[in-house]
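Below, read A as the first sequence line, B as the second, and so on, with proteins coming before strands; counting in each chain starts at 1. Worth knowing before you read on, the calculation uses all heavy atoms, side chains too, and leaves out hydrogens, waters and symmetry mates.
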Amino acid sequence: MPILHYLHQLQNCAKHRSIVSTKQLHAHFIKLGVTQFLALSNTLLNVYGKCSLLQDALQLFDEMPQRDHVSWATFLTTQNQANLPDKTLSIFPAMFSIDRLLPDDFVFASLVKACGSLGAIKQGKQVHGNFLVSPYFDDDVVKSSLVDMYAKCGLPDDSRLVFDSIKLKNMASWTAIIYGYARKGRKEEALELFVRVPLKNLFAWTALISGLIQSGNGVDAFGLFVKMRRQGISIIDPLVLSSIVGASANLAMLELGKQVHGLVIQLGYESCVFISNALVDMYAKCSDMSAARGVFSRMSRRDVVSWTSIIVGAAQHGQAEEALSLYDNMILNGVEPNEVTFVGLIYACSHVGLVNRGRELFKSMVEDYGIHPSLQHYTCLLDLLGRSGHLEEAESVINLMPFKPDEPTWAALLSACKQYRNAKMAIKFADHLFSLKPEEPSTYILLSNTYASSGLWEHASKARHLLESLEVRKEPGYSYIYFGKENQMFYAGETSHPMKDEIFGLLNELDVEMRRRGYVPDTSYILHNTDHQEKERQLFWHSERLAVAYGLLKSVPGTVIRIVKNLRVCGDCHTVLKLISDIVQREIVVRDAKRYHHFKGGKCSCNDFW
DNA sequence: CCCAATGTAC
């Protein structure tokens, strides 16, 4: 049977993703006049999808003289596989309106998957409803897709309802439900189900581990990863590694990240683009830009994520020129930038006050690449304009843009007003900020100082008053320091550390030298309303200073001191860290809640804007 | 002949 023979050949093409053979076969079918056999065209459609030949798939589908359920299911799947779930949903209505066909189980599964990828819960529930009243209402595959959809939409309880209705639970449904709970940080339930999985394969482990990482439980995830390795699960698919690399990045644990990198090399996955992308990002987040550049330069193939990762990394570490020249290289290499790339680029410009270049990039993003600017893009642009003193222009951008600025954006503009002594504008911005009912204590300090400097004492005291009635920081400040295999955590005001005396002695010594150089503690950053001396004492015990002192005492001389802080560095600590970096001639890198600071020789890479 | 599970940059 020649048709069966051709089907077999096509399946081979799909397996090996052989584009040339597929096109040859297609030409052959046309010549033989066998394209009216639906099975043949449908399979061909499938192969085009698998080979990522979207244009060919679309043309074939469009030109098919008749289409059946299989044609539709296959075509919708090509859209899902090409990461175009919105297309899946927008094309589907034509199934009825043009071909008079109702969805079958295969089509339902594709639609549900598309809703899950989009997080489109409203449409997802509609599809679910239609599925329940269809003849396929009991299909287990569609049900496992539904479990996955609710998991991806962050509704594990809805997942569970569907999951419990599945008679014969397959691995996909187990994986999906575990992922759903893990992703929401519901560890107990995720683990409880994991214990019950009949086959604990790599998929199940990956779902559990990556879900936990996405909910910020990186430490638990690492524990499980080690357990998985010990149980001899072989990593035949590198996806779990990208999650684990990402967890090292989130925790900013450089040593851990290096170990994971070693494992990646050992398992032979360094040549995998998305793994290397994750490594570049990890080194950047761990503030080791030279390692990030190393991985990036060794990559034989780089996609838009690779370039964007290194650009954003350079931008966040204050290396604006590097970010911009990387962008030029990216364009020369024929890689098209996307919305994330431009966030990094405009951010880079704002760091060094390259106003014209930033404006050009913003314009180019819209005009050359057709990207609709998001609030984040406007925030970067406003930051750029504010920092460089173009306050009127910033105001007109605010009036023209289709978003309302958020609290940090108003705060950044307000700081810019202070810097450029524009009291009139400051009051305007402050009023907007005030009406947002800010939650960040430092915002009240900024507000109060702004009003006070303009003689608006009543407003100033109102802001101070609100601040004092505000619950003092829900989260206590802490800093981590890592070097070698050691890591230590310091809380603000901590006085029980075994090396407390040495730390206190060193900080005192440094304090004397700093004051000799003209340092005066800026106590306006202290929230409690206590006397001046007490405020100075509190500043003295801020966690980043304890961590730096510990680092100076214990780390190898000359090495970079790396610190991760949960909150933002206060203005006084920023001054102090600059001074310390100069006094002891050491580079200090602090990753705070907002950005990176490289203190070196009395200067900071953030250019004192943060 | 077609459907379901794990992933990287803001």
Side-chain angles (χ1 to χ4, degrees), chain A residues 3-4 6-8 10-11 14 37-47 49 68-78 80-81 103-113 116 136 139-149 151-152 166 170-180 182-183 201-211 213-214 237-246 249 272-282 284-285 303-313 315-316 337-347 374-377 379-380:
Chain A
I3 298 291
L4 273 180
Y6 291 136
L7 282 178
H8 185 74
L10 281 172
Q11 266 144 14
F37 290 101
L38 267 175
L40 220 47
S41 292
N42 289 343
T43 308
L44 188 59
L45 190 57
N46 180 37
V47 183
D68 63 359
H69 286 94
V70 180
S71 326
W72 275 96
T74 309
F75 184 68
L76 295 179
T77 302
T78 62
N80 278 344
Q81 282 167 349
D104 67 356
D105 45 346
F106 284 81
V107 171
F108 273 122
S110 295
L111 293 175
V112 169
K113 185 183 160 74
Y136 309 95
D139 183 86
D140 280 350
V141 173
V142 179
K143 284 188 197 170
S144 21
S145 320
L146 283 164
V147 174
D148 179 57
M149 179 195 80
K152 289 207 172 89
I166 299 176
N170 52 23
M171 273 315 289
S173 51
W174 279 106
T175 310
I177 188 87
I178 290 168
Y179 177 71
R183 223 188 70 116
N201 61 10
L202 181 65
F203 270 154
W205 279 101
T206 306
L208 180 63
I209 290 169
S210 67
I213 289 168
Q214 281 173 36
D237 181 312
L239 279 155
V240 68
L241 294 175
S242 63
S243 289
I244 278 292
V245 172
C272 204
V273 178
F274 73 86
I275 295 288
S276 277
N277 290 348
L279 285 169
V280 169
D281 177 58
M282 181 274 290
K285 288 219 166 77
D303 63 11
V304 61
V305 178
S306 328
W307 287 98
T308 303
S309 301
I310 191 87
I311 287 172
V312 168
Q316 288 181 329
N338 65 18
E339 66 283 1
V340 187
T341 319
F342 283 103
V343 170
L345 290 169
I346 302 169
Y347 185 85
S374 66
L375 174 60
Q376 209 179 359
H377 293 114
T379 303
C380 290

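- For A/T341, the side-chain hydrogen bond (donor to acceptor under 3.5 Å, both in side chains) test picks out A/T308, A/N338, with sequence neighbours left out.
- For A/F75, the ring pair (Phe, Tyr, Trp, His ring centres under 6.0 Å) partners are A/F61, not counting sequence neighbours.
- Every side-chain contact (heavy atoms from CB on, under 4.5 Å) that A/V141 has, sequence neighbours left out, goes to A/D139.
- Partners of A/H377 under the side-chain contact (heavy atoms from CB on, under 4.5 Å) rule, at least two apart in sequence or in another chain, are A/E339, A/F342, A/V343, A/F362, A/M365, A/P373, A/S374.
- For the pair A/I310 CD1 and B/dT8 P, the interatomic distance rounds to 18 Å; values are reported in whole Å.
- Scanning for side-chain contact (heavy atoms from CB on, under 4.5 Å) contacts around A/S41 gives A/T35, A/M64, with sequence neighbours left out.
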For a quick check, with a 4.0 angstrom heavy-atom cut-off, what is the B/S/- contact string for nucleotides 2-7 of chain B, read 5' to 3'?
BBBBBB
